[in-house]
S.K.: 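There's a structure below that I have some questions on.
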There are 2 protein chains.
Amino acid sequence: MRTTYDHVVLIRDLSWLLELGDAGHVTEAAATIGTSQPTLSRALARLEDELGVRIFERLPTGVSPTPEGEIVIEAARDLVARHDLLVAALTHRLDPDSGMVRLAFLDSMATTLVPRLLRAFHAQAPGIKVVLSQEPTHHIHRDLDRGVVELGLTMDRAEGHAWLPVRRERLVVVVPPGHRLRHRKRVGLAELADDELVTTPAGFAHRALVDGLLADAGISPTISFESADLATIEGLVAAGLGVAVVPEAFAGQSGSVGLALSSPGATRTIGLTWRTDRPLAPPAQRLVDFVRGQGWDD
Amino acid sequence: MRTTYDHVVLIRDLSWLLELGDAGHVTEAAATIGTSQPTLSRALARLEDELGVRIFERLPTGVSPTPEGEIVIEAARDLVARHDLLVAALTHRLDPDSGMVRLAFLDSMATTLVPRLLRAFHAQAPGIKVVLSQEPTHHIHRDLDRGVVELGLTMDRAEGHAWLPVRRERLVVVVPPGHRLRHRKRVGLAELADDELVTTPAGFAHRALVDGLLADAGISPTISFESADLATIEGLVAAGLGVAVVPEAFAGQSGSVGLALSSPGATRTIGLTWRTDRPLAPPAQRLVDFVRGQGWDD
DNA sequence: CGTGATCATACGTCGTACGCATGGTTGCAC
DNA sequence: GTGCAACCATGCGTACGACGTATGATCACG
């Protein structure tokens with residue numbers, strides 16, 4: 001019911017006003033704008049009514065701004081310019097050549113997958129800025145849902161999210177330098193039944209993965225330490241505090257010994273994931289397309 | 001038919017956006033604004049659609065701005081502020097205590113009536129700026145019609161204009177220092193039948209006034225010189241180039257001799273005039289009221 | 001004194017914003 | 001776990017208002 005507002009001014013009307021100021025004729029300006037003369041005539045009347053001042057004086061030869069009109073036109077120029085600036089800023093963000101994409105990934109990818117992926121992507125799309133954040137899996141999904149990031153790199157696909165495999169990494173067993181199995185090239189997980197295990201806390205994707213492998217092997221080792229960080233886990237193993245199952249790239253970093261696993265399914269698959277309930281912004285879409293085109297799964 | 005425009009953004013929607021950003025809840029912001037929750041919800045959707053970006057992420061606990069939304073909100077704050085600034089500037093102009101009024105008047109009033117009038121008005125309304133312009137009568141009427149000035153001081157009331165008498169000035173005859181009538185206190189216009197007359201060009205209000213007086217007296221003197229400026233005319237008379245009929249105040253300024261006229265109607269009435277097809281701005285109205293209240297006609 | 005150009009307005013149509021009521025989700029409490 | 005409460009989105013009917021076409025009123029110019 002209420003139709004009396006303080007700020008109903010249309011930005012469009014203001015931009016029409018500028019055209020009108022330049023043209024000096026309602027008819028001519030309307031043609032330039034691409035509307036009818038009465039429509040522009042009424043848009044002007046509407047603005048004058050809302051602002052409470054006469055903006056243009058009507059003369060037999062056209063229209064001419066009143067002193068108040070000069071003020072309004074100057075302000076309109078400013079407002080329209082700032083609106084255009086806003087649109088430009090948003091467009092720039094969405095421009096597939098110059099925009100920005102936010103990517104969240106797991107700590108365990110920070111030194112391996114992510115740098116290689118981004119180096120290749122940056123070479124192809126140098127204008128796109130990639131904002132990175134390292135987070136646990138559940139934070140990644142939350143941030144995806146909240147729009148804080150457009151893309152995530154995870155090991156699991158969540159409900160309602162697209163998921164594109166990027167790379168499969170072999171998992172290895174790491175043991176301390178003095179461990180009984182240290183000279184083996186290849187071990188079966190079942191051989192670790194009596195070892196103490198260092199792994200990630202419950203709730204982490206890596207933990208679920210390792211638990212699955214252990215269950216398949218029919219063992220459930222004692223867990224000595226838990227850490228969210230795979231590099232830390234490798235360090236604990238190197239210090240003799242247990243054994244662990246980690247991605248190949250983490251083996252040996254601080255002195256642990258990596259042993260290949262005999263089970264062929266001992267891999268973790270990392271995938272790009274994003275919301276599907278609304279279309280991706282162009283820069284994010286471009287990164288997805290890049291991954292899809294590269295065939296990063298080797 | 002097409003109602004798809006580039007710039008349809010409502011300033012009002014932007015100000016709603018600010019409220020929404022502060023509140024963090026659609027329902028709460030809608031209540032603060034004084035509208036319904038669905039209306040605000042759809043205003044937000046409208047803006048997001050027009051700008052092509054998601055501004056707020058919907059969470060079960062309320063809404064939270066997306067990174068793009070932060071940009072939009074910042075721009076909206078700017079746009080709304082500048083709109084308010086515009087409204088304030090216009091309001092200030094219209095404020096009866098601090099506004100502005102433009103007054104056009106005739107050259108022949110510049111040294112007599114206008115200074116006295118404005119001194120008195122300024123004492124009563126010190127905040128109002130009066131912008132003055134001196135113009136011929138027909139320019140005054142044109143500028144009134146075109147909105148260049150709000151008020152005029154003229155000797156005639158034009159069609160469709162209000163006219164309020166301000167002051168009646170006596171007209172006198174001025175003659176050169178050596179003129180045969182120079183010692184007379186009072187003369188009749190008929191006595192000037194054989195003199196050469198200096199007056200204003202045809203089309204000037206003063207000319208029409210003098211012509212009328214001469215016709216009443218039954219004479220039509222030869223015109224030796226014409227000038228639009230009464231001070232110049234008085235100077236020409238002082239130099240012996242003829243006689244003239246001018247307002248009392250101009251007599252003797254550069255050596256001419258002023259003689260009272262015997263005809264009682266030999267006066268010019270100056271009045272304040274303005275357009276009546278739309279209401280006067282408050283500052284102008286205040287000047288009109290001042291004149292009306294003072295009873296300047298003496 | 002007509003003629004053309006100007007802007008304003010009457011009119012019918014149609015889009016759309018409004019409020020009310022309802023629906024779908026989600027977090028929280030018990 | 002299971003209801004409960006809070007949140008935002010949406011369907012619906014209404015009514016306002018903006019649109020274009022056509023017409024009117026006014027005025028400069030030839």
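Order of the sequence lines sets the chain letters (A, B, ...), proteins ahead of strands, with each chain counted from 1.
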S.K.: Looking at A/Glu68 and B/Arg93, does any basic side-chain N land under 4.0 Å from a carboxylate oxygen?
M.R.: yes
S.K.: What integer distance in Å separates A/Glu57:CD from D/dC27:P?
M.R.: 13 Å
S.K.: Can you tell me the distance, in whole Å, between the NE2 atom of B/His25 and the P atom of D/dA9?
M.R.: 13 Å
S.K.: If you only use heavy atoms from C-beta on, which nucleotide in D/dC19, C/dG27, C/dC7 is closest to the side chain of B/Thr61?
M.R.: C/dG27
S.K.: Could you say whether B/Gln37 or B/Leu40 is positioned toward the 5' end of DNA chain C, judged by the nucleotide with the nearest heavy atom to each?
M.R.: B/Leu40
S.K.: Give the rounded distance in Å between these two atoms: CG of B/Leu44 and P of C/dC18.
M.R.: 13 Å
S.K.: Quick one: which of C/dG27, D/dA22, C/dC7 gets closest to the side chain of A/Pro38?
M.R.: D/dA22
S.K.: Evaluate the side-chain proximity of B/Val130 to B/Leu132: yes if any heavy-atom separation is below 4.5 Å, no if none is.
M.R.: yes
S.K.: By nearest nucleotide on DNA chain D, pick out whichever of A/Pro60 and A/Ser36 is the more 5' one.
M.R.: A/Ser36
S.K.: Taking any heavy-atom pair under 4.0 Å as a contact, classify A/Arg42: base, sugar-phosphate, or nothing.
M.R.: base
S.K.: Checking side-chain contact (heavy atoms from CB on, under 4.5 Å) for the pair A/Thr154/A/Phe105: CA distance, chi angles, key distance, verdict?
M.R.: CA-CA 6 Å; A/Thr154 62; A/Phe105 55 92; over 6 Å; no
S.K.: Please state how far atom CG in B/Leu59 lies from atom P in C/dG27, giving the value in whole angstrom units.
M.R.: 9 Å
S.K.: Can you identify which nucleotide, out of D/dC19, C/dA8, D/dA9, has its nearest atom closest to the A/Arg12 side chain?
M.R.: D/dC19
S.K.: Below 4.0 angstrom, N of the basic side chain to O of the carboxylate: do A/Arg77 and A/Glu70 qualify?
M.R.: no
S.K.: Whole Å only: how far is the CD1 atom of B/Ile33 from the P atom of C/dA17?
M.R.: 16 Å
S.K.: Whole angstroms only, please: what is the CG-P distance between A/Asp13 and D/dC19?
M.R.: 7 Å
S.K.: Roughly, in whole Å, what's the span from CH2 in B/Trp16 to P in C/dA17?
M.R.: 11 Å
S.K.: Tell me: CG of A/Asp49 to C1' of D/dG17, nearest whole Å?
M.R.: 13 Å
S.K.: Counting side-chain heavy atoms from C-beta on, which of C/dC18, C/dA8, D/dC19 comes nearest to B/Arg46?
M.R.: C/dC18
S.K.: Below 4.0 angstrom from OP1 or OP2 of C/dT9, is there any side-chain N or O of A/Ser41?
M.R.: no
S.K.: Is it true that A/Arg207 and A/Glu226 make a salt bridge, defined as a side-chain N closer than 4.0 Å to a carboxylate O?
M.R.: yes
